[in-house]
Amino acid sequence: MMLLQESLLTMTNLVLFGPPGSGKGTQAAFLIDKYELIHISTGDLFRYEMSHNTKLGQEAKAYMAKGELVPDSVTIGMLRNKVEKHPDAKGFIFDGFPRTIPQAEALDALLFSKGTEVSGLISLDVGDEEIVQRILLRGQTSGRPDDNDEATVRKRIAVYKSETAPVFGYYAAKDKGFSINGLGTIDEIAERLSDAVESIGQD
Ligand code: AMP
């Protein structure tokens with residue numbers, strides 16, 4: 001029991017949330033440096049698997065190309081494997097996960113089994129048109145096929161609204177949902193994010 005309490009107190013597990021193109025990856029890089037957390041981006045993991053042409057990568061490819069979510073069964077298994085690879089982590093930053101309620105429930109169960117929990121979810125708020133412009137601009141250099149086609153980008157936003165946005169309410173109901181303005185310079189947003197993380201830390 002004592003051990004359980006200690007790990008609850010010492011681990012920080014953040015969910016970086018928001019629509020595609022809201023700056024989660026950029027801001028995660030800043031949080032890793034500052035808080036020494038393990039960054040897990042399910043989008044990056046899928047792209048790694050695809051670039052190595054693994055079975056998992058082949059399974060994910062068609063969904064990603066269409067701007068749809070990879071099925072929960074595949075995604076949750078991949079996430080679990082990645083978390084298990086870091087038994088001594090001080091905590092995690094989950095970026096692009098959970099994206100559905102079943103994923104959120106699976107994450108809670110996984111962390112609970114390790115005597116810890118999600119500390120807080122922070123949403124980067126950015127409007128639709130800003131997102132479309134940002135992603136198409138990123139597409140000029142990212143090499144990501146799903147960043148290059150406006151219809152696919154709009155599909156990803158629609159999927160975010162219907163399947164992913166409810167995850168905010170799921171954590172808000174547990175008093176763990178926070179939102180910050182995702183517009184401004186990288187430094188301005190990083191400062192807002194820092195303030196949010198500090199306020200979570202004081203809970
Ligand atoms: P991202 O890099 O987070 O924008 O993710 C790119 C694509 O990978 C998404 O459009 C989905 O097809 C897939 N993907 C990433 N994370 C997840 C997830 N948690 N659940 C389902 N699909 C995901």
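Each ligand, and each atom within it, is numbered from 1 in the order the structure gives.
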**Study point:** Phe92 and His86 aromatic ring geometry - parallel, tilted or perpendicular at 30°/60° bounds
**Key:** perpendicular
- Message: Under a plain distance cut-off of 3.5 Å, with no hydrogens placed, do Thr152 and Lys66 share a side-chain donor-acceptor pair?
- Response: no
* Does one side chain, of Asp108 or Tyr170, offer a donor that lies under 3.5 Å from an acceptor on the other? -> yes
Can a salt bridge be assigned to the pair Glu150 and Lys155 using a cut-off of 4.0 Å between side-chain N and carboxylate O?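 Answer for the salt bridge query: no.
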message: Determine whether Gln58 and Asn53 satisfy the following criterion, side-chain hydrogen bond (donor to acceptor under 3.5 Å, both in side chains), listing intermediate values before the conclusion.
response: CA-CA 6 Å; Gln58 285 167 8; Asn53 204 21; 3.2 Å; yes
Close N/O pairs between ligand 1 and protein, under 3.5 Å:
residue	atom	partner	partner atom	Å
ligand 1	2 (O)	Arg47	NH1	3.0
ligand 1	2 (O)	Arg47	NH2	2.9
ligand 1	2 (O)	Arg144	NH1	3.4
ligand 1	3 (O)	Arg99	NH1	3.0
ligand 1	3 (O)	Arg99	NH2	3.1
ligand 1	4 (O)	Arg99	NH2	3.4
ligand 1	4 (O)	Arg144	NH2	3.4
ligand 1	5 (O)	Arg99	NH2	3.4
ligand 1	12 (O)	Glu68	O	2.6
ligand 1	16 (N)	Thr42	OG1	2.8
ligand 1	16 (N)	Gly96	O	3.4
ligand 1	16 (N)	Arg99	NH1	3.0
ligand 1	19 (N)	Thr42	OG1	3.4
ligand 1	19 (N)	Gly96	O	2.9
ligand 1	19 (N)	Gln103	OE1	3.0
ligand 1	20 (N)	Gln103	NE2	2.9
ligand 1	22 (N)	Val70	N	3.0

Checking side-chain hydrogen bond (donor to acceptor under 3.5 Å, both in side chains) for the pair Ser119/Lys176: CA distance, chi angles, key distance, verdict? CA-CA 7 Å; Ser119 314; Lys176 290 181 179 180; over 6 Å; no
